[in-house]
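The structure under discussion appears below in the form of structure tokens.
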Amino acid sequence: MLAQESSPLRRTAIMLFASVLIVCAIASSTGSEAQALLASGAAAGTCGLEPTTDPDCARHDMGSCGTACCGLRVSFQSTSTQLGQAISAQLARHGPDGAFTPAKTWGPWFKLDAGGCRDFTASTETTDQYLCQAAHATSGSFHFRDTVNIKIGATSPKGTTVVQFFSLSEIAGALGDAGQNFKNHMMIVRALEADGIVASGIHAFLGCGPVRAESQLDSK
């Protein structure tokens with residue numbers, strides 16, 4: 001009698017245990033797939049320590065700023081307002097590779113404005129229209145971080161706006177950045193071009209290292 005009563009209870013317990021195992025397996029699989037997708041997306045924005053054919057990783061800086069750095073001035077056929085909004089939107093979405101973190105800006109207290117950008121279009125103290133800042137972290141084991149500053153100037157009478165990008169490796173004494181600082185800028189430039197905001201000229205004004213392969217810098 002006891003065996004007959006316990007049998008349904010045992011079957012119920014076994015079924016519940018099996019269900020838990022199935023749910024855990026599905027959750028683990030989904031988590032692994034999500035991590036793989038994130039890793040592949042992040043890798044697209046990382047130059048890495050191994051040789052690569054990515055032309056945007058061809059500018060290796062060797063400590064030009066006391067650590068590795070890269071400063072670019074990029075001319076766009078667009079207004080400063082359009083660029084400010086587009087760059088703010090890119091940084092707010094954590095950039096093309098999902099690895100940018102917009103910085104908090106100064107106000108009555110520190111707060112996160114649109115994509116880490118401050119709007120100076122109404123200022124009488126500067127002709128610059130927007131100042132932005134974000135950090136970029138690489139994928140892989142080390143997660144190297146760079147600070148990226150962006151300055152958007154006023155639009156010229158001919159409809160051209162110059163955006164100044166400056167990326168600095170946060171690690172002290174970085175003798176070589178595998179081209180990552182230059183890559184940080186080009187990710188944003190290419191994302192803007194994909195949105196129809198075309199770059200008409202690119203000039204390195206500090207760091208960025210010598211060209212090690214064909215680079216977008218020389219084709220503009």
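Predicted model only: the values in this text are computed from it and were never measured.
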- Which is it for Ile150 and Gln164 under the side-chain contact (heavy atoms from CB on, under 4.5 Å) test, yes or no, and what are the steps along the way? CA-CA 6 Å; Ile150 303 171; Gln164 179 172 296; over 6 Å; no
Taking side chain as C-beta onward, heavy atoms only, is [X] less than 4.5 Å from [Y]?
| X | Y | result |
| --- | --- | --- |
| Ile202 | His185 | no |
| Thr138 | Phe144 | yes |
| Phe120 | Leu131 | yes |

- What's the verdict on disulfide bond (SG atoms under 2.5 Å apart) for Cys57 and Cys47, showing C-alpha distance, side-chain angles and the deciding distance? CA-CA 6 Å; Cys57 294; Cys47 289; 2.1 Å; yes
Donor + acceptor pair across side chains of Ser169, Asp177 (<3.5 Å)
no
Between Thr79 and Thr155, is any side-chain donor less than 3.5 angstrom from a side-chain acceptor?
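On atom types as modelled, these side chains do not qualify, holding no pair under 3.5 Å.
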Distance-only, no hydrogens or angles: does the [X] side chain make a donor-acceptor pair with backbone N or O of [Y] under 3.5 Å?
| X | Y | value |
| --- | --- | --- |
| Glu193 | Ala199 | yes |
| Ser80 | Ala154 | no |
| Ser156 | Lys158 | yes |

Shortest non-hydrogen contact from [X] toward [Y]:
| X | Y | value |
| --- | --- | --- |
| Thr81 | Tyr130 | CA-OH, 3.9 Å |
| Leu175 | Met62 | CD1-O, 3.4 Å |
| Thr160 | Ser75 | CG2-CB, 3.9 Å |
| Ser167 | Asn184 | OG-ND2, 3.1 Å |
| Asp97 | Gly45 | OD2-CA, 3.4 Å |
| Leu168 | Cys69 | CD1-CB, 3.8 Å |

Can you tell me how far [atom2] of [Y] sits from [atom1] of [X], rounded to the nearest 0.5 angstrom?
| X | Y | atom1 | atom2 | value |
| --- | --- | --- | --- | --- |
| Asp146 | Lys183 | CG | NZ | 13.0 Å |
| Gln85 | Ile197 | CD | CD1 | 9.0 Å |
| Phe166 | Leu206 | CZ | CG | 5.5 Å |
| Gln133 | Arg118 | CD | CZ | 12.5 Å |
| Lys151 | Gln129 | NZ | CD | 11.5 Å |
| Phe205 | Cys70 | CZ | SG | 8.0 Å |

Output every pair passing ring pair (Phe, Tyr, Trp, His ring centres under 6.0 Å) with a member in residues 73-102, not counting sequence neighbours, ordered by first then second residue.
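As it turns out, the ring pair (Phe, Tyr, Trp, His ring centres under 6.0 Å) pairs with a partner in residues 73-102, which skip direct neighbours, are Phe100-His136.
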For Phe142, I'd like to know if atom CZ has over 12 heavy atoms of other residues, nucleotides or ligands within 6.0 Å.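 No, CZ of Phe142 has 12 or fewer neighbouring heavy atoms, counting only those of other groups under 6.0 Å.
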Residues passing the side-chain hydrogen bond (donor to acceptor under 3.5 Å, both in side chains) test with Glu170, sequence neighbours excluded, are Arg145, Thr147
Go through the steps for Ile188 and Leu91 under the test side-chain contact (heavy atoms from CB on, under 4.5 Å), then give the verdict. CA-CA 9 Å; Ile188 297 174; Leu91 296 181; 4.3 Å; yes
Check against side-chain contact (heavy atoms from CB on, under 4.5 Å), Ser78 and Thr161: CA-CA 6 Å; Ser78 181; Thr161 303; 5.5 Å; no
Can you list the steps and then say if Val189 with Leu72 is a side-chain contact (heavy atoms from CB on, under 4.5 Å)? CA-CA 11 Å; Val189 171; Leu72 295 181; 5.8 Å; no
Q. With hydrophobic residues grouped by side-chain heavy-atom distances under 4.5 Å, do Met187 and Leu83 end up in a single group?
A. yes
